[in-house]
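Order of the sequence lines fixes the chain letters, A, B, ..., with proteins taken first and strands second; residue numbering starts at 1 for each chain. Both backbone and side-chain heavy atoms feed into the values below; hydrogens, waters and symmetry mates do not.
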Protein chains: 4
Amino acid sequence: MKASINVTIWNEYRHEQKNEEVQRVYPDGIHRAIGAGMPDDFELTYATLDEAEHGLSEEVLAKTDVLIWWGHMAHGEVQDEIVERVHARVMAGMGLVVLHSGHFSKIFKKLMGTGCDLKWRVAGPKGERERLWVVRPGHPIVAGIGEYIELESEEMYGEHFDIPQPDELVFTSWFQGGEVFRSGCCWHRGQGKIFYFRPGHETFPTYFNADVRRVIANGVRWAAPVDSAAPVRGKAKPLEQI
Amino acid sequence: MKASINVTIWNEYRHEQKNEEVQRVYPDGIHRAIGAGMPDDFELTYATLDEAEHGLSEEVLAKTDVLIWWGHMAHGEVQDEIVERVHARVMAGMGLVVLHSGHFSKIFKKLMGTGCDLKWRVAGPKGERERLWVVRPGHPIVAGIGEYIELESEEMYGEHFDIPQPDELVFTSWFQGGEVFRSGCCWHRGQGKIFYFRPGHETFPTYFNADVRRVIANGVRWAAPVDSAAPVRGKAKPLEQI
Amino acid sequence: MKASINVTIWNEYRHEQKNEEVQRVYPDGIHRAIGAGMPDDFELTYATLDEAEHGLSEEVLAKTDVLIWWGHMAHGEVQDEIVERVHARVMAGMGLVVLHSGHFSKIFKKLMGTGCDLKWRVAGPKGERERLWVVRPGHPIVAGIGEYIELESEEMYGEHFDIPQPDELVFTSWFQGGEVFRSGCCWHRGQGKIFYFRPGHETFPTYFNADVRRVIANGVRWAAPVDSAAPVRGKAKPLEQI
Amino acid sequence: MKASINVTIWNEYRHEQKNEEVQRVYPDGIHRAIGAGMPDDFELTYATLDEAEHGLSEEVLAKTDVLIWWGHMAHGEVQDEIVERVHARVMAGMGLVVLHSGHFSKIFKKLMGTGCDLKWRVAGPKGERERLWVVRPGHPIVAGIGEYIELESEEMYGEHFDIPQPDELVFTSWFQGGEVFRSGCCWHRGQGKIFYFRPGHETFPTYFNADVRRVIANGVRWAAPVDSAAPVRGKAKPLEQI
């Protein structure tokens, strides 16, 4: 088994620079807050939208085992070429952990093949209560987690969430305002694994929550590549006499 | 229940006009051969690549319950705008039956989110034997079908087939040359349903086979839209007091 | 297609005879209340625990297309022989719609292979509010249903619900007390289809609700048998030369 | 992460003692042949049918992380009490790897809820060729495996295999005689994980094959328990004011 996992944390990193309220919560950016919660055996790289190639050069991606993605207000600014590059890496086995508003990112929509829209609400400066119930005990992503995670202040995301039925549904959220949401979802695409995890509105300190951090770390471990043979496709000679 | 199902059969319709061997097998085009095998309660419309808007105007699609798709050599000529239009209709509930080499069409790849590549071989003018085994008895798509369908002459498609795991796997094929293939696959995307059915190389008379026609007709019935409420998404007021 | 569906509604029918509160709500029994809400093209048969063979003779089951099951306080009194008989019929294609406390019936547990336990609460004589969100628009079981069904008074069922991941998850419930529940679940077992639908505590008039009745009727249609070949198993001669 | 995995290899161990042909292939029993192929970080325990409690006492099971099961001619002799004990452990998180004819064991049938029957043939003393195709590259169970595993001499198992649709389908087999089979299947039940792996007829040296051993070892790692909270069920107080 590999000694460590190479994790690249990608963040749009705009709200934190433009909005004082967000800056107070995440002074070093959401990516740094997430990174601060990752375990020691992860080798971390940070990448943001406004870097060259959004910080996702061929070199960076080639050595990335799992990519974490947070974006919101500038999905449209992510270059199609980089989206294709990330997609190709997922097909080849790179894991992808998509957080919160990343549901509307180009890469997530491309991988899902659906609209990925949902219902949402920020109920004032305090948001509302979310309770993420574990619906799949025994799944590696809930290692160390109790029967639910409670977040006092969050944005609401509600059904219908326009995604393919998850291969594995791990969390389902209850919201104070009356909605539910499939909030921890796993898919396999190509040789890669994708984990979508709902919480993390930019005005709330969700990425400092110990359980949220643990779930993200577990998601990274679950999504890490497996050393399996590259699939063979294309024109093929028969293996038996015809 | 609706008295009839509006089915649009889309065919690239190039091989039949360019290649004498194909013309002999499908003198009226693959679309007409498929249509000739559909039951009386289907209202059929035909559409082909070289028509204006590929025969898939907003009007045609709006009244289509299920779209059948056959394409191969000219996937790249299908306009992106029409692909988006078909995708939007699937999200809104239109069924889609993708046949054979349609696995590499723009619309199928967009809906799957994966590469959709596979292994293939045409083993001389007689092809090779394929046996499509029913792995899901009791599924509506195998109504009236025995334990397998045997096709004496077909192109081979082999694993690995780069698709998301089907929501429902209905057929798995055995090939004479030593390969297997997931040859009848169902997915739900948005409000729509997608059925991929493997057989149908242009040089073999597969679409005159009674079982193949029956499976396509069953696939159409399975994929036909359900009169359910359009999903509600976007900004939402709370249903409970927060 | 068949002109009608033969539906047998099985009810334990004990609460209604022992408990005045229940009697007031369901004076003719839960089975009759459900039956009164079924469409005209269903041929209804009623069966209850205290009849000979629980009303589920070989003859009755042989002509049943879909069996609806409501039980609660007397699961243990259902004879194992009858459970085996129902199981064999599901394997052969009979549909099964399991309601509410039927989650703990012998037949449901046998079909699931898991414990089928859950969390529950009756919050006083008025119960609490349940909102069943549609998480699979376009599914036949939600035909004619809006984005959710709201029930003002119900028993709470909460996660973790100890079931295999549903093949198709159709509803997820929000409860006033803070829980969620996978409340509309589909599975395929053998040639049969199983639909579990959560609502229906005996002290609340849930089975008079138009949406609940519609979902049950839709579930019956979805679970109705398909005329597919009986699977072939056992010792087999090769189809190809070895 | 745990330093080692406690693996108990259970074998019926009758063919090897009664049949000279089998004895020549597996002189120390199938369980020892499997064990000899396991990696160093597995702590191995062996258990067989004719031991007290079939070698599966409460103590043995309590410390077992993953149980491997091979049985065939004496499924009926396994005591129901022990089956219940193993089932309870799977619900609580123990992994289970079921091999070959174990498809008809009491424990597998109980966990699946279906008949688990299939088609079979031993084509003479040399059997026939099986090619197990990987249909899920990137899955942990195929780590280190190429695009297929070829076994020159095996018993045929063919569809229809009467199981619930696997949560993850990893291998599909091609057989020389014309059949296919879902030969590597994963399910989640309770907190436990179950992996069924087809090969291993008692008269063929399949369990000495390096790839087969690797898949079994990978299956054990995949099925090993996760340290997640025990699910909470039963009567529950509300978390919110009703």
Novice: Using a cut-off of under 4.5 Å for heavy-atom pairs, which of B/Ala92, B/Ala229, B/Pro231, B/Pro137 has the most such pairs with chain C?
Specialist: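 Of the candidates given, the most pairs with chain C belong to B/Pro137.
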Novice: Is it the case that the ring center of C/Trp187 lies less than 6.0 angstrom away from the ring center of C/Phe108?
Specialist: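 Yes, ring centres under 6.0 Å apart.
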Novice: Which atoms of C/Glu150 are under 4.5 Å from chain B, going by heavy atoms: the side chain, the backbone, both sets, or neither?
Specialist: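 For C/Glu150, no heavy atom lies under 4.5 Å from chain B.
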Novice: State whether C/Phe161 and C/Arg182 meet the cation-pi test: NZ (Lys) or CZ (Arg) under 6.0 Å from the six-membered ring centroid, and within 45° of the perpendicular axis.
Specialist: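 No cation-pi geometry.
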Novice: How long is the span from the CD1 atom in C/Ile82 to the CG atom in C/Leu56, to the nearest 0.5 Å?
Specialist: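 Rounded to the nearest 0.5 Å, the CD1-CG separation comes out at 6.5 Å.
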Novice: Give, as side chain, backbone, both or neither, the part of B/Trp133 having an atom under 4.5 angstrom from any heavy atom of chain C.
Specialist: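 It is the side chain, since no backbone atom gets that close.
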Novice: Looking at B/Val142, B/Val232, B/Asp227, which one has more heavy-atom pairs under 4.5 Å with chain C than the rest?
Specialist: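 Result: the option with the highest number of such pairs is B/Val232.
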Novice: Given the options C/Gly146, C/Pro140, C/Gly190, C/Gly144, which has more heavy-atom pairs under 4.5 Å with chain B than any of the others?
Specialist: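 So the answer, after comparing C/Gly146, C/Pro140, C/Gly190, C/Gly144, is C/Pro140.
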Novice: Shorter than 4.5 Å, heavy atoms on both sides: which option in C/Lys193, C/Arg129, C/Gln176 has the most such pairs with chain B?
Specialist: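 Top option by heavy-atom pairs under 4.5 Å: C/Arg129.
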Novice: Answer with yes or no after comparing the ring centroid distance for B/Phe171 and B/Phe181 against a 6.0 Å cut-off, counting only values under it.
Specialist: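 Ring-ring flag for B/Phe171/B/Phe181: false, centres at least 6.0 Å apart.
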Novice: Is it true that the side chains of C/His188 and C/Glu168 contain a donor and an acceptor less than 3.5 Å apart?
Specialist: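 Side-chain D/A pair, C/His188 to C/Glu168: present.
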